[in-house]
Amino acid sequence: MTNIINCWLLKSEPQGYSIDDLKRDKKTFWTGVRNFQARNFMQQMKKGDTCLFYHSGKETSVVGVAKVTAAAQPDPTQFVKGGHYFEPRATKEKPVWFCPEIQFVKKFNDPVNLGVIKADRALEGMVLRAKSRLSVQPVSEKHFNYILKELA
DNA sequence: GCCAACGTTGGC
DNA sequence: GCCAACGTTGGC
């Protein structure tokens, strides 16, 4: 049996790319992630997987839901010489960084704050509680559903 | 392959 | 703005 994890959490600085930006764009490629752990999780994402969309910075809240519409593919920003996300080690044959495509699903009326997530015993073990820096992380289906149904 | 130095993220 | 956490780089 393959890995059946199919819920994720994506972090974003809202000044950089917010849930409202995603709502406007409807779809986007999740480019610019430059962390190997995060990349490895993104490569496990499949079309149809669901994602919590988290705003870091001032808000520190889960603000909505997105879904994966295409599996990870080479991140084009790694080839842009002089660009912020340029990757000198990457070639077209052997790209280093990958990005799935995601689609807007919903924005919460009530964002779920990190404080609540940390305090709620039902969310014990959530990666977000421990790994403060990881920008793409798996979420158990139980935790995902709980956040949607009980907290948002 | 170790580890010190360095850089970045992100909560507070 | 600070700083803890932690990922990455590069010298050895």
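Order of the sequence lines sets the chain letters (A, B, ...), proteins ahead of strands, with each chain counted from 1.
- Listed by chain and number, the residues in a side-chain hydrogen bond (donor to acceptor under 3.5 Å, both in side chains) with Ser61(A) are Asn113(A) (sequence neighbours excluded).
- The listed nucleotides are dG7(C), dT9(C), dT8(C); the one nearest the side chain of Phe36(A) is dT8(C).
- As judged by a 4.0 angstrom heavy-atom cut-off over every strand, Arg39(A) is placed among residues making no nucleic acid contact.
- Qualifying side-chain hydrogen bond (donor to acceptor under 3.5 Å, both in side chains) partners for Thr77(A), counting only residues two or more places apart in sequence or in other chains: Arg34(A), Asp75(A).
- Scored by the ring-ring contact (aromatic ring centres under 6.0 Å, His included) test, Tyr85(A) finds no partners at all (sequence neighbours excluded).
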What N/O pairs connect the protein and nucleotides 10-12 of chain B at under 3.5 Å? Give each pair on its own line.
residue	atom	partner	partner atom	Å
dG10(B)	OP1	Lys11(A)	NZ	3.4
dG10(B)	OP1	Arg133(A)	O	3.3
dG11(B)	OP1	Tyr54(A)	OH	2.8
dG11(B)	OP2	Gly57(A)	N	3.2
dC12(B)	OP1	Lys118(A)	NZ	3.2

Would you be so kind as to tabulate the donor-acceptor pairs closer than 3.5 Å made by side chains of residues 22-29 of chain A, with sequence neighbours excluded?
residue	atom	partner	partner atom	Å
Arg24(A)	NH1	Asp21(A)	OD1	3.2
Asp25(A)	OD2	Tyr17(A)	OH	2.6

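- With sequence neighbours left out, the side-chain hydrogen bond (donor to acceptor under 3.5 Å, both in side chains) criterion links Asn40(A) to no other residue.
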